[in-house]
A.B. asks: 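Following this message is one structure expressed as structure tokens.
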Amino acid sequence: MKNSDKWPLLLLEWFSKNRRPLPWRSEGKRDPYAVWVSEVMSQQTKVETVKPYYESWMEQFPSVAELAAADEQDVLRQWQGLGYYSRAKNLLTAVREVQNKYGGVIPSEKAELLTLKGVGDYTAGAISSLAYNRPVAAVDGNVLRVLARLYKIEENILSTNVKKEVTRLVESQIPPGRAGDFNEALMEFGAVICIPKYPRCSDCPLADFCEAKAAGMETVLPVRLASKKQTEEKYAVLVCRRNKSVLVRQRPDRGLLASMWEFPAVRGEEGRAEEKLKDLMASVGISVFIEPEIVMKIKHVFSHKKWHLSVYEGQYTGGNLTEKEKWQWLPVCEYTSLPWAGPHGKITALLS
DNA sequence: GAGGCGTGGCT
DNA sequence: TAGCCAAGCCT
């Protein structure tokens with residue numbers, strides 16, 4: 001038996017009664033910029049985590065024009081602690097394109113939105129439907145899970161096949177004129193009722209239409225491929241002082257913690273760590289005396305890896321920085337002005 | 001298609 | 001504890 005078409009209206013009814021008040025939700029028409037910011041922040045991130053970042057962000061960068069004019073370091077500083085920092089960099093790039101190419105007006109069509117940096121299929125659908133009420137799907141992890149259960153989809157939900165099928169299903173079920181509410185309701189429903197491990201079927205208004213529940217498979221579905229085991233990374237880190245300053249460097253502009261600041265580090269901890277740190281300093285023109293003992297050991301699970309950091313202290317003994325762009329002596333009283341993240345954020349505690 | 005990319009809460 | 005998972009996107 002195929003699923004009844006009744007569930008979309010029941011879902012909308014449930015949503016109208018159970019809509020959580022969120023800072024980016026307002027009655028009536030929604031500001032496309034506010035939708036965009038909240039959607040990007042919400043990628044792989046819980047609502048509760050996003051809230052304070054969103055509010056502070058909108059105070060500092062209240063519009064496309066103001067964000068477009070912002071400095072990247074200030075933008076990263078606002079994003080510090082939220083994770084997936086390429087989101088912030090891509091958002092800045094994309095907002096600048098909107099400002100220059102579209103006169104500051106965020107496009108409403110999915111195809112145009114998709115050309116923007118950091119805007120993929122989900123986010124394009126979300127902006128187009130939530131802000132402009134266009135009848136397109138916005139398929140995220142919640143929607144995949146909810147539909148996989150409602151329609152008893154037993155394939156791996158991470159496959160492109162399932163994603164296409166779910167997109168088609170959602171778009172075929174959008175109640176006329178209600179695309180924005182419908183997409184948001186699906187996500188909210190997935191976050192509150194049709195939750196991952198043990199869905200709250202006793203509170204579910206759609207239980208009668210759920211094929212997974214009918215088959216007793218509500219805790220089996222959705223099927224998702226196993227993730228890989230976390231690996232280990234070992235680094236020796238140097239806190240190098242000179243009077244009241246400390247030596248820091250900016251990471252490369254892509255990859256892990258792109259463009260964020262850190263204490264210089266070399267891979268590997270056992271043996272030769274002090275030598276390798278000295279070589280690293282020498283490569284940028286600085287000679288340093290390194291204390292032989294490790295002053296701090298940090299174990300930090302981060303970016304799907306287990307990181308072991310051995311922190312050394314050093315004193316500047318001579319030389320001048322040859323790489324002025326990515327390296328700098330930072331007065332200790334100013335380190336909070338730079339964006340830090342990951343395990344290196346913990347080391348700043350040594351400075352105070 | 002697979003792997004890289006953060007962080008925090010929950011089990 | 002170690003693993004799983006959460007409003008994904010880029011390469």
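Per chain, numbering begins at 1; letters A, B, ... match sequence-line order.
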A.B. asks: Between dT7(B) atom P and Tyr84(A) atom OH, what is the distance in whole Å?
C.D. replies: 10 Å

A.B. asks: For DNA chain C, whose closest nucleotide is more 5', that of Leu116(A) or that of Met187(A)?
C.D. replies: Met187(A)

A.B. asks: Find the runs of at least 3 consecutive base pairs, i with j, i+1 with j-1 and so on, that include DNA chain C, using Watson-Crick or G-U wobble geometry with both distances under 3.5 Å.
C.D. replies: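 Only these stems qualify: B:2-5 with C:8-11, B:7-11 with C:2-6.
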
A.B. asks: Do the side-chain N or O atoms of Lys305(A) get closer than 4.0 angstrom to the phosphate oxygens (OP1, OP2) of dC5(B)?
C.D. replies: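 Result: yes.
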
A.B. asks: I'd like to know whether Phe263(A) forms a ring pair (Phe, Tyr, Trp, His ring centres under 6.0 Å) with Trp340(A), so could you lay out the CA-CA distance, the side-chain angles of the two residues, the decisive distance to 0.1 Å, and finally the verdict.
C.D. replies: CA-CA 10 Å; Phe263(A) 298 99; Trp340(A) 301 81; 5.0 Å; yes

A.B. asks: For dT11(C) and Lys117(A) - does any side-chain N or O of the residue sit under 4.0 Å from the phosphate oxygens OP1/OP2?
C.D. replies: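 It does, given that an N or O in the side chain of Lys117(A) lies less than 4.0 Å from OP1 or OP2 of dT11(C).
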
A.B. asks: What is the separation between atom NZ on Lys163(A) and atom P on dG1(B), rounded to the nearest whole Å?
C.D. replies: 12 Å

A.B. asks: Centroid-to-centroid, Trp329(A) to Tyr316(A), below 6.0 Å?
C.D. replies: yes

A.B. asks: Choosing from dT11(C), dG8(C), dG6(B), which nucleotide comes nearest the side chain of Tyr122(A)?
C.D. replies: dG8(C)

A.B. asks: Using whole Å, report how far CG of Leu82(A) lies from P of dC9(C).
C.D. replies: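 So the two atoms are 15 Å apart, to the nearest Å.
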
A.B. asks: Decide, yes or no, whether a salt bridge links Lys51(A) with Glu48(A) under the criterion of side-chain N to carboxylate O below 4.0 Å.
C.D. replies: yes

A.B. asks: Step by step, work out the side chain to side chain contact (heavy atoms under 4.5 Å, CB included) result for Glu97(A) and Lys117(A).
C.D. replies: CA-CA 9 Å; Glu97(A) 186 179 344; Lys117(A) 201 83 170 158; 6.0 Å; no

A.B. asks: Is the base of dG6(B) touched by the side chain of Thr45(A) through a donor-acceptor pair closer than 3.5 angstrom?
C.D. replies: yes

A.B. asks: I need the CG-P distance between Leu256(A) and dG4(B), as an integer number of Å.
C.D. replies: 11 Å

A.B. asks: Whole angstroms only, please: what is the NE2-P distance between His304(A) and dG3(C)?
C.D. replies: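 One finds 13 Å between P of dG3(C) and NE2 of His304(A), rounded.
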
A.B. asks: Quantified in whole Å, what is the P atom distance between nucleotide dG3(B) and nucleotide dC4(C)?
C.D. replies: 15 Å

A.B. asks: Could you give the CZ-to-C1' distance, from Arg224(A) to dG8(C), as a whole number of Å?
C.D. replies: 12 Å

A.B. asks: For the side chain of Tyr85(A), starting at C-beta, report the closest nucleotide among dT11(C), dG1(B), dT7(B).
C.D. replies: dT7(B)

A.B. asks: If you take the centroid of each ring, where Trp contributes its six-membered ring, are Tyr53(A) and Trp57(A) closer together than 6.0 Å?
C.D. replies: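 Not close enough - the centres of the two rings lie 6.0 Å or further apart.
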
A.B. asks: Of all the nucleotides listed (dG8(C), dT11(C), dT7(B)), which has the minimum atom distance to the side chain of Phe302(A)?
C.D. replies: dT7(B)

A.B. asks: What I'd like to find out is whether the side chain of Leu9(A) reaches to under 4.5 Å of the side chain of Arg178(A), using heavy atoms alone.
C.D. replies: no

A.B. asks: Name every residue in residues 14-25 of chain A that has at least one heavy atom under 4.0 Å from any atom of DNA chain C, in order of residue number, or write none if there are no such residues.
C.D. replies: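 Those residues are Arg20(A), Leu22(A), Trp24(A), Arg25(A).
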
A.B. asks: Of the listed nucleotides (dG1(B), dT11(C), dC5(B)), which one gets closest to any side-chain atom of Thr160(A)?
C.D. replies: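 For Thr160(A), the side-chain atoms sit closest to dG1(B).
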
A.B. asks: Roughly, in whole Å, what's the span from CG in Asn90(A) to C1' in dG4(B)?
C.D. replies: 14 Å

A.B. asks: Evaluate side chain to side chain contact (heavy atoms under 4.5 Å, CB included) for Leu350(A) paired with Met296(A), printing each intermediate quantity in order.
C.D. replies: CA-CA 9 Å; Leu350(A) 273 182; Met296(A) 184 186 241; 4.0 Å; yes

A.B. asks: Would you mind checking if Arg267(A) and Glu233(A) are paired as a salt bridge, meaning a charged N to carboxylate O distance below 4.0 Å?
C.D. replies: yes

A.B. asks: May I ask you to verify if any side-chain N or O of Thr123(A) is less than 4.0 angstrom from the OP1 or OP2 atom of dC9(C)?
C.D. replies: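 For dC9(C), OP1 or OP2 has a side-chain N or O of Thr123(A) closer than 4.0 Å.
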
A.B. asks: Please walk me through it: do Trp307(A) and Glu232(A) pass side chain to side chain contact (heavy atoms under 4.5 Å, CB included)?
C.D. replies: CA-CA 6 Å; Trp307(A) 298 75; Glu232(A) 301 206 344; over 6 Å; no

A.B. asks: Would you please indicate yes or no on a ring centroid separation below 6.0 angstrom for Trp7(A) and Phe209(A)?
C.D. replies: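 Centroid distance Phe209(A)-Trp7(A): not below 6.0 Å, so no.
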
A.B. asks: Between Tyr198(A) and Lys46(A), who's closer to the 5' end of DNA chain B by nearest nucleotide?
C.D. replies: Lys46(A)

A.B. asks: Taking atom CZ of Arg20(A) as the centre, report whether more than 12 heavy atoms of other residues, nucleotides or ligands fall under 6.0 Å from it.
C.D. replies: yes

A.B. asks: If you look at every strand shown and take non-hydrogen atoms under 4.0 Å, does Val50(A) touch a base, only sugar-phosphate, or nothing?
C.D. replies: nothing

A.B. asks: Would you kindly give the CZ-to-P distance between Arg254(A) and dC10(C), to the nearest whole Å?
C.D. replies: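 Spelled out: CZ on Arg254(A) to P on dC10(C) is 12 Å.
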
A.B. asks: Just call it for Ala341(A): base, sugar-phosphate, or nothing, with non-hydrogen atoms closer than 4.0 Å on any strand.
C.D. replies: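 Sugar-phosphate, no base atom in range.
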
A.B. asks: Hey, which sits more toward the 5' end of DNA chain B by its nearest nucleotide, Asn161(A) or Val301(A)?
C.D. replies: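 Checking each residue's closest nucleotide, the 5'-ward one belongs to Asn161(A).
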
A.B. asks: Could you tell me how far dG8(B) sits from dC9(C) if I compare only their P atoms? Round to whole Å.
C.D. replies: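 Straight-line distance between the two P atoms is 22 Å.
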
A.B. asks: Choose from dC9(C), dC5(B), dA6(C) the nucleotide whose nearest atom is closest to any side-chain atom of Ser303(A).
C.D. replies: dC5(B)

A.B. asks: With heavy atoms under 4.0 Å as the rule, sort Gly342(A) into base, sugar-phosphate or nothing.
C.D. replies: sugar-phosphate

